[in-house]
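Written out below as C-alpha cells is the structure these notes cover.
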2 protein chains.
Amino acid sequence: MPRPRVLPYIILGLLNKNGMMSGKDMISEFKTDISEFWTVSHSQLYPELQRMVDEKQIKVAEDVEVKDRKVINYVIEAKGQETLKRWLAEPITLKNDELTSLKLYCISDQRAPILQQILKQCLALHQQKVVHLKARKELLFGDELAIKANYGHYLILSRAIERESDYVNWLQSKIN
Amino acid sequence: MPRPRVLPYIILGLLNKNGMMSGKDMISEFKTDISEFWTVSHSQLYPELQRMVDEKQIKVAEDVEVKDRKVINYVIEAKGQETLKRWLAEPITLKNDELTSLKLYCISDQRAPILQQILKQCLALHQQKVVHLKARKELLFGDELAIKANYGHYLILSRAIERESDYVNWLQSKIN
DNA sequence: CAACTATATGACGATAACGACATAAAGTCA
DNA sequence: TGACTTTATGTCGTTATCGTCATATAGTTG
C-alpha cells in the first residue's frame, strides 16, 4: 500500500471549522494557510469530495437560494465529525508526527481538551528525540577529527538537536 | 507524474562518501543517520540499484576476494558523480528545500564551496519566509478575538515564525 | 551433514500523487 | 446576443510508494 492520504481529514477539518465550503474555497485555504506543511492538487481534491459524499462523511449543501450552479458547496455530516474526532485523538508517534501541525490547525477552540493532549504527547515525543540525538552526537562526534571527516552529517545532527530543543521549549510554553 | 524520487541521489551520495557499499549497508545507514528526514523501504532500494547500474551511474564491485556471494557491493561511476554534483548544485527553492538536509549530509568536506552556497541560498529562502509569516500573523491575528476564534491556526503560525527565525539564526552562525 | 533460522536480495499488487488535458458554467465586452 | 476569456469542476495516464510475499544464500545448532 502507498502512503495513506491525509486529504480526507483536512477536508473534514475545514468543513468542521468553517461550515459550508466549495472545492475552490478549500483549495484557496489550503494554499494560504497550510501550504507550508502540506499541499494537494485539485485533481486529488475533487474525486476525494465525491468519495466522501458516497461514504456519507460530507454532503452537498443544497441551497435553493444559490444562483451559481457551477460551484458545489459541501457541509460535514455527523459521521464525518466522528471520523475527524478519531483522527485528532490518534496517539502521536514518530510516524505520524508530521501531521501534528495540520491537526492543530483543525482545532479552533483554545480550551478544547484534545489540544492540550496533542501538545503533551508531542512534547514527550520530541523530548525523547532530543535525548536520542544528543547521545548520537556524543557517540559519533566526540572528537574534532570525526567532525572534519563528516562535516555535513555533523551539521544536520547539530541542527536537529537545536531544532528539537527549540521545539520542546515552545511546546512547554504552550502547555498549561 | 508522481513526486520525483530522491533515492537515486541519496544512493550516489552514500557511495560517493563511503566507497563500496551493499544494499544492506545503505539500508542501515539510511535508518541510523537520516531516517529523521527521509525513509525508503528495501523494495524500493533494490530495483533502484539495478536501474542505476543499467544507467551506468553505479556499478557492481567485482571483488574476487569476497567469499560472500549473497551480498552485492556497489561503487559509484564517473557519470554518477556528475549526477550527484548537479543535484547538489540545483538552486534551492520552496519546492525542494525539504531535501536540503539530505544534500548537506552528502557533503563531507567542510571546505567544499557547494556547502556554503547551499547554506547561503537556504538562508535567503528562510529569511523571506520569516518576513512572509510575520506579515500574515499581523494581518490575521491583530486582535485577541481572532486568536481565540482560530487558536490552532494561531498556534501553528506562531510556531512557524519561531521555527524559521531559529533556523535563520543557526544558518547565519554557520555561514562564513 | 541435516535441519532450522536469519538475512540479503528480488518481485508484485494495490493505490496515492500529480501534471496534463477536458468540460461546462459564469463573466466580459463588443 | 454572440464571441471570447476565466474559472470551478472533472478525468486520465504515468509513475512513486510500500506492505507483503518469495527466494536463495549464509549462519547455527543438533
Side-chain angles (χ1 to χ4, degrees), chain A residues 1-11 14-15 20-32 34-35 37-55 58-63 65-74 93-96 98-99 102, chain B residues 1-11 14-15 20-32 34-35 37-55 58-63 65-74 93-96 98-99 102:
Chain A
M1 293 112 206
R3 67 133 75 76
R5 282 167 299 140
V6 290
L7 177 54
Y9 302 108
I10 310 299
I11 291 173
L14 285 203
L15 287 178
M20 192 176 75
M21 292 181 85
S22 66
K24 140 197 113 148
D25 294 337
M26 295 177 195
I27 297 266
S28 85
E29 188 160 334
F30 291 160
K31 191 171 179 186
T32 59
I34 50 179
S35 62
F37 311 107
W38 175 82
T39 58
V40 264
S41 51
H42 81 273
S43 58
Q44 291 168 268
L45 176 64
Y46 290 110
E48 187 63 53
L49 288 169
Q50 291 169 345
R51 179 166 8 185
M52 292 174 74
V53 168
D54 292 343
E55 290 175 356
I58 63 177
K59 67 178 180 188
V60 174
E62 302 280 7
D63 283 76
E65 303 300 328
V66 164
K67 300 293 180 298
D68 192 332
R69 276 167 306 183
K70 184 184 184 181
V71 171
I72 304 173
N73 284 293
Y74 298 90
T93 65
L94 274 173
K95 291 284 171 198
N96 68 22
E98 62 183 351
L99 304 178
L102 295 173
Chain B
M1 295 108 207
R3 65 132 77 73
R5 283 167 298 140
V6 291
L7 176 54
Y9 301 108
I10 309 299
I11 291 173
L14 284 203
L15 288 178
M20 190 176 74
M21 293 181 85
S22 67
K24 143 198 109 147
D25 295 337
M26 296 177 194
I27 297 267
S28 85
E29 187 160 336
F30 290 162
K31 191 171 178 183
T32 59
I34 50 178
S35 62
F37 311 108
W38 174 82
T39 59
V40 262
S41 51
H42 83 272
S43 58
Q44 290 170 267
L45 176 65
Y46 291 110
E48 187 63 52
L49 287 169
Q50 291 170 346
R51 180 168 3 187
M52 291 174 73
V53 168
D54 292 344
E55 290 175 357
I58 63 178
K59 68 177 177 188
V60 174
E62 302 280 8
D63 284 76
E65 303 298 330
V66 164
K67 300 294 179 299
D68 193 334
R69 276 169 307 185
K70 185 182 184 182
V71 171
I72 303 172
N73 285 292
Y74 298 89
T93 64
L94 274 173
K95 291 284 172 196
N96 67 22
E98 61 183 354
L99 305 178
L102 295 173

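Every chain is numbered from 1 and lettered A, B, ... according to where its sequence line falls, protein lines coming before strand lines.
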>> Just the rounded figure in Å: distance from P of D:dC18 to CG of A:N96.
In response: 15 Å
>> OP1 or OP2 of C:dA17 versus the side-chain N and O atoms of B:R3: is any pair under 4.0 Å?
In response: no
>> How many whole angstroms separate atom OH of B:Y74 from atom C1' of C:dG10?
In response: 10 Å
> In residues 46-55 of chain B, which ones come under 4.0 Å of DNA chain C, going by heavy atoms?
Replying inline: B:Y46, B:Q50
> Rounded to the nearest Å, what distance is computed from the CG atom of residue A:L7 to the C1' atom of nucleotide C:dT15?
Replying inline: 14 Å
> What nucleotide, of C:dC18, C:dT9, D:dC18, holds the atom closest to the side chain of B:S43?
Replying inline: D:dC18
> Taking the nucleotide of DNA chain C with the closest heavy atom to each, which residue, A:P4 or B:K24, is nearer the 5' end?
Replying inline: B:K24
> Any side-chain heavy atom of B:I10 within less than 4.5 Å of one from B:I34?
Replying inline: yes
>> Under the rule for side chain to side chain donor-acceptor pair (under 3.5 Å), what residues qualify as partners of A:Q44, not counting sequence neighbours?
In response: A:S41
>> Assuming nearest nucleotide by heavy-atom distance, tell me which of B:H42 and B:R5 is located more 5' along DNA chain D.
In response: B:R5
> If we only count heavy atoms from C-beta on, is the B:L15 to B:M26 side-chain gap below 4.5 Å?
Replying inline: yes
> Roughly how far apart are A:I27 CD1 and A:L45 CG, rounded to 0.5 Å?
Replying inline: 4.5 Å
> What is the distance from CG of B:L45 to P of D:dG19, rounded to the nearest Å?
Replying inline: 15 Å
> Of all residues at least two apart in sequence or in a different chain, which pass the salt bridge (Lys or Arg N to Asp or Glu O under 4.0 Å) check with A:E48?
Replying inline: A:R5, A:R51
> To the nearest angstrom, how far is A:D25 atom CG from D:dA8 atom P?
Replying inline: 9 Å
>> Contact between B:Y74 and B:L14 at the side-chain level, heavy atoms closer than 4.5 Å - yes or no?
In response: no
>> Between C1' on C:dT9 and CD on B:Q44, what's the gap in Å once rounded to a whole number?
In response: 15 Å
